[in-house]
Amino acid sequence: MKKENVRDFYDVVWTEYIPEFSESKRHLELFFASDEIRDKEILDCGCGTGIFTNIFASMGARKVTGLDISPGSLGTGRKIQSDLGLTNVEFVEGDMLELPWADASFDIVWAWGSAHHTEDPDRALNEIERVLRPGGSLLLALYKKTRLTWIHEVIRKTLIRTPKSWWVPLARILAFLLWPVVKIRELFRKKARGGESLSELILDWYFVPIRHYYLPETIRHFLESRGYVVEKYHPGSGRFESASNFIFKARKP
Ligand SMILES: C[S@@+](CC[C@H](N)C(=O)[O-])C[C@H]1O[C@@H](n2cnc3c(N)ncnc32)[C@H](O)[C@@H]1O
């Protein structure tokens, strides 16, 4: 699978997906206080519809750049930017495996749920590291490898072999079948994510062309071996209580 497949997938699936602003802001504030953002130059790498790009900008960053390969998602991000009247934001279409900036260009690089959808996540991490200034902060959210990962991968690899025109109907059928299970789970814990229907969640989870999973200790080792200081780690408690991600915030030496 190639990056073009990922781009086309997100152009169809993600452009309408706009996570709830205040809920996302509360989540961002778990990692960055306003005074860490003020006057900073920030890259939101694999920004999707730019929710975090626009939140950073609204919190007083000097300039926030949202980069993504999906032009449709960027279009949504630009619309939100214009609705909010933000002037310190730029959305750039590009590949995070070849970031179009010089070394040490940003104070903060935020890469939420994106590196694991690239053809070469190691290269994505190297690129992110390259454009981050010494002393800058890196935020990395990645899919967590669990005992169930292989089952999810068997299902995903089976489903993405079906004709593309089947994907949305298939996701709807799966959502219909899984709905009672999800409702029962919701009685016991918070809803997984705001803004997305169950069929959109299934589409995003099982039909995405490229997906890699990591053990948190692998990423901790990657960061510490390069001299980063891990400042925050959230195990399995990603955006809106999702257990599928883990998150590191680390400072570059
Ligand atoms: C799960 S979405 C996350 C979007 C956003 N970070 C958020 O949290 O709302 C993953 C994003 O990574 C982008 N992406 C995947 N591969 C990419 C690449 N090689 N270069 C840039 N963006 C990429 C996709 O287009 C998609 O918008």
Side-chain angles (χ1 to χ4, degrees), residues 1-28 30-32 42-57 64-81 89-101 108-128 130-131 138-144 156 192-196 200-214 234 238-242 244-247 249:
M1 283 289 177
K2 297 208 165 56
K3 71 177 178 203
E4 288 74 19
N5 298 86
V6 178
R7 180 197 62 204
D8 295 349
F9 172 80
Y10 278 105
D11 261 356
V12 172
V13 169
W14 201 261
T15 50
E16 304 289 313
Y17 175 51
I18 305 167
E20 211 271 312
F21 191 92
S22 48
E23 198 173 2
S24 302
K25 185 172 178 200
R26 271 198 303 281
H27 193 69
L28 185 149
L30 291 176
F31 300 97
F32 287 94
I42 301 175
L43 172 63
D44 184 0
C45 203
C47 63
T49 49
I51 187 72
F52 292 119
T53 320
N54 284 312
I55 292 171
F56 273 125
V64 192
T65 306
L67 172 128
D68 206 282
I69 43 162
S70 158
S73 302
L74 293 171
T76 306
R78 288 191 188 103
K79 176 158 187 326
I80 299 168
Q81 172 196 355
V89 178
E90 182 185 25
F91 285 102
V92 174
E93 189 179 333
D95 185 353
M96 58 193 289
L97 302 183
E98 291 172 51
L99 292 175
W101 293 286
I108 295 173
V109 180
W110 171 279
W112 188 284
S114 48
H116 51 213
H117 291 306
T118 68
E119 292 159 284
D120 186 350
D122 288 350
R123 182 161 160 191
L125 297 187
N126 285 333
E127 277 294 271
I128 287 169
R130 183 182 67 73
V131 299
L138 165 64
L139 191 293
L140 210 50
L142 294 168
Y143 283 132
K144 193 202 281 183
R156 185 182 70 85
R193 247 154 134 168
E196 259 182 330
E200 285 167 329
L201 265 177
I202 288 169
L203 209 50
D204 184 38
W205 182 258
Y206 283 128
F207 293 85
V208 69
I210 300 178
R211 141 173 240 160
H212 301 267
Y213 301 79
Y214 292 89
H234 279 233
R239 180 157 65 188
F240 311 131
E241 311 295 323
S242 160
S244 58
N245 281 348
F246 62 85
I247 307 135
K249 178 189 177 192

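Just the heavy atoms: all of them, side chains too, but no hydrogens, waters or symmetry mates, feed the values below. Remember, it's 1-based here, ligands and their atoms both numbered in the order they're listed.
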Notebook entry, point to check: Of all the heavy atoms in F52, does at least one lie under 4.0 Å from an atom in ligand 1?
Noted result: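 It does; at least one heavy atom falls under 4.0 Å.
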
Check: Applying a strict 4.0 Å limit to heavy atoms, is G94 in contact with ligand 1?
Finding: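 Right, G94 reaches ligand 1.
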
Checklist line | Spacing of Q81 atom CD and L74 atom CG [to the nearest 0.5 Å] | finding: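 Atom-to-atom, Q81:CD and L74:CG are 11.0 Å apart.
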
Region of [X] engaging ligand 1 - heavy atom pairs below 4.0 Å:
X	result
Y10	side chain
M96	both
C45	neither
D95	both

Check: H117 and V6: which non-hydrogen atoms are nearest, and at how many Å?
Finding: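 Answer, listing the atom of H117 first, then V6: O-CG2, 3.6 Å.
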
Next item on the list: Work out which heavy atom in S24 is nearest to a heavy atom in I55; give both atom names and the distance.
Entry: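 Scanning both residues, the minimum pair turns out to be CB-CD1, 3.5 Å.
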
Check: Given I51, T49, D68, which has its nearest heavy atom closest to atom 25 (O) of ligand 1?
Finding: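 The option holding the nearest heavy atom is D68.
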
Per-atom contacts, ligand 1 versus [X] - under 4.0 Å to a heavy atom:
X	value
G48	4 (C), 5 (C), 27 (O)
S114	12 (O)
V6	15 (C), 16 (N)
G46	4 (C), 5 (C), 6 (N), 11 (C), 22 (N)
S70	25 (O)

Margin query: Tell me whether the rings of W110 and F56 are parallel (<30°), tilted (30 to 60°) or perpendicular (>60°).
Written below: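 Perpendicular.
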
Check: Taking the six-membered ring for Trp, are Y143 and Y213 parallel (under 30°), tilted (30 to 60°) or perpendicular (over 60°)?
Finding: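 Y143 and Y213: tilted rings.
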
Next item on the list: Report yes if K3 has an N/O atom closer than 3.5 Å to an N/O atom of ligand 1; otherwise report no.
Entry: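 Not met; the criterion fails.
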
Donor-acceptor contact below 3.5 Å, side chain [X] vs main chain [Y]:
X	Y	value
R7	K2	no
T49	T76	no
R130	W101	yes

Check: Do the ring centers of F52 and H27 come within less than 6.0 Å of each other?
Finding: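 Centroid distance F52-H27: not below 6.0 Å, so no.
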
